[in-house]
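Here the structure comes first, spelled out in structure tokens, and everything after it is commentary.
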Amino acid sequence: MSVTSNEGIIIYRDVHKWYGDFHALRGITFTMQKGEVIVICGPSGSGKSTCIRTINRLEEHQRGQIIVDGVELTNDLRNIDTIRREVGMVFQQFNLFPHLRVLQNVALAPFWVLKMKKSKAEEIAIQLLERVGIPEQAQKYPAQLSGGQQQRVAIARALAMTPKIMLFDEPTSALDPEMIKEVLDVMKELARSGMTMIVVTHEMGFAREVANRIVFFDFGQLIEENTPEEFFHNPQHERTKLFLSQILDY
Amino acid sequence: MLSEKITSSHSIPFWRDIRVLRVIGQVLFLLIIAAGIWWLLNNLQMNLKTAGLNIGFRFLKNTAGFPISEGLRYNPTDVNAYAFWVGIVNTIRVAVIGIVLATVIGIVVGVARLSSNWLVKKLAGIYVEVIRNIPLLVQLFFWYFAVMLTALPLVGDSIRLPGSIHLTRRGVYIPWATATESFSTWMFYVIGGLALAIIVYVLRRTQLKRAERPGFPIAWAGMVFILIAFAGWFLTSGNPLALTVPVLKKFNFTGGLWLSTSFTALLMGLSVYTGAFIAEIVRAGILAVSKGQIEAAKAVGLKRAQVLRLVVMPQALRVIIPPLTSQYLNLTKNSSLAILIGYYDLMNVGTTIFNQTGRAVEMILLIMASYLTMSLLTSLLMNYYNRRMKLVER
């Protein structure tokens, strides 16, 4: 089902999700424009990860409407496939395929999903590995790389499908401190190139520098959304103020 | 000053030198083993001498003299060696079919245990827990005495399953294809088709490789083979294979294939029992692939079948194959329980020969050697497969 999408590349209208009795998302409504970078933050268990995982249907929503680039997410497999082809995702735990080399990890989807020639797919993979700064690791297996390198491979793997939107689900939370910067640098470069990005993260420095908007979640609700300037210096809600005071004290 | 105190490697006395101690340990171990074997053999020889016996295999050439009611064509006037061979073939028959059946059961039940359907999941769970916790011998007796010899009707009013399968107290009768005169003509097409299929496979594979496209050359080859085999079937005058269906004549069925009560009970018992263990192995293998792997595969846009084939299976098989090999070996070795429900496997025939000839040592050696050979061949095959699966990884 196609819907006119002048209003935004991602549209959430009163989206609800339950895990059994637990009401994980309680009526999320927001719109995102092409080329925007949105950072979602909030305490753990607030539904921020669940929210971005509904965008490519890794989680189902039970009520409301989600429209991604003019395609509504329903139970129609074709819509889901279409959206997954246009939305790249990077996970907290990298989730690289351990039985494939780094190059194959990146070239897998273009070869099997986009039916690209193998040499073409690998050429693209090499280019992307150069873009994330690790072309020399192409022939290694994921387990032989450091966490930061693995996450950069994961970004390259997602980019290989030339997605219109990139989702980042706490991309630096599983990394050693000195590796966080190398991953954030890649993400910054990506944002500057005009990629539409939603990033769930606790890296407030990154949010301040890169985000167009910051969205604050708590108890499955979207409490506040604002520009970084306003969000950090003039938060509107008590809950936001409390959250900021707790994470910015250090 | 301090450096003078550091003792150099030259001055290590041998009783403290790890390298020397290691060698001494190995030599000692070897000596103990050799002494043990020598003692056992010596003992055996002495005891055989006092009993007036000597080891020899000439008795294998004597007439067997006892009947074997199923398997290869056999006569009581045949020699012991041939009787033993009939037993070996019977063991291989039940083991091979049993392994195939157990694998099918195991995969179906293993996957069912992970199903999101509550009823399917529970039923599969109950199957595994019940079957796994009852001794195999008890189950074999159940299949043989309770199912085959009691629950099933007499030959006269057999239970008919669709496809002319008859279940009776005397065994199971199934339709079977037998070759006719034109079979060899048809075989010509079959072999020709196979050859052509291999050529198509190689050509298609090189073509795909040159075009650098994904695809399944094996599917093309299969299609070619089936097409030619079918064409050959219609081009050959007269059907090359005749399907004979079991038909009740007076007191018994004629035509079709007869599976004895013992064979059916043993096959069912072994497959159902081993299938429960394989189900657990399959379940563990699939669970060993983390949820994140499946999510990542979906997120890059792979279709459901591709997720399974490109991401889940390669990782699950690595975990499944080694314990699966053990189950195959277990099934083969457990088939020796056949003796207790009267199936003429190699254990049954072997012990009959030793009861009749008194050649216990020789027969036990032969039986052990036979099982060992079969098991080692199975291991060899499975290890080769395992290595191939591993090579893909690192």
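The chains referred to below are lettered A, B, ... by the order of the sequence lines, with proteins before strands, and numbering in each begins at 1.
Contact detail for A:Arg84 and B:Gly301: the closest heavy-atom pair is CB-CA, 4.2 Å. The heavy-atom pair separating A:Met161 from B:Val300 by the smallest distance is CE-O, 3.5 Å. Between A:Phe91 and B:Ala296, the shortest heavy-atom contact is CE1-CA, 3.6 Å. Listed here is the closest heavy atom pair of B:Leu310 and A:His99: O-NE2, 2.9 Å.
Using a 4.5 Å cut-off between heavy atoms, A:Leu96 touches chain B through its backbone atoms (N, CA, C, O) alone. Interface remark: B:Gln306 contributes side-chain atoms only to the contact with chain A (heavy atom separation under 4.5 Å). Using a 4.5 Å cut-off between heavy atoms, B:Glu295 touches chain A through backbone and side chain atoms alike. Heavy atoms of B:Arg210 lying under 4.5 Å from chain A are absent altogether.
Atom CZ of B:Arg205 has 12 or fewer neighbouring heavy atoms from other residues, nucleotides or ligands inside a 6.0 Å radius. Around the NZ atom of A:Lys188, the shell of radius 6.0 Å holds more than 12 heavy atoms that belong to other residues, nucleotides or ligands. The 12-atom threshold is exceeded at CD of A:Glu136, counting heavy atoms of other residues, nucleotides or ligands nearer than 6.0 Å. Atom CZ of B:Arg304 has 12 or fewer heavy atoms from other residues, nucleotides or ligands within 6.0 Å. At most 12 non-hydrogen atoms from other residues, nucleotides or ligands lie less than 6.0 angstrom from CH2 of B:Trp220. Within 6.0 Å of CG in B:Leu372 there are more than 12 heavy atoms belonging to other residues, nucleotides or ligands. Around the CZ atom of B:Phe29, the shell of radius 6.0 Å holds no more than 12 heavy atoms that belong to other residues, nucleotides or ligands. No more than 12 heavy atoms of other residues, nucleotides or ligands lie within 6.0 Å of CE in B:Met313, so this atom counts as exposed by the packing criterion.
The stretch residues 274-287 of chain B places none of its residues near chain A, where near means some heavy atom under 4.5 Å from a heavy atom of that chain. Identified by a heavy-atom distance below 4.5 Å to chain B, the contributing residues of residues 106-113 of chain A are A:Leu108, A:Ala109, A:Phe111, A:Trp112, A:Val113, in residue-number order.
Taken from CG in A:Leu58 to CD1 in B:Ile294, the straight-line distance is 11.0 Å, to the nearest 0.5 Å.
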Criterion side-chain contact (heavy atoms from CB on, under 4.5 Å) on A:Lys118 and B:Lys209, from CA distance to verdict
CA-CA 9 Å; A:Lys118 197 172 179 193; B:Lys209 204 167 248 174; over 6 Å; no
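Side-chain contact between A:Arg57 and B:Lys298 is absent, with no heavy atoms from C-beta onward closer than 4.5 Å. Within the 4.5 Å cutoff, the side chain of A:Gln93 has no heavy atoms near those of the B:Ser290 side chain.
Of the possible polar contacts, one joining the A:Asn95 side chain to the B:Gly292 backbone as a donor-acceptor pair under 3.5 Å is found.
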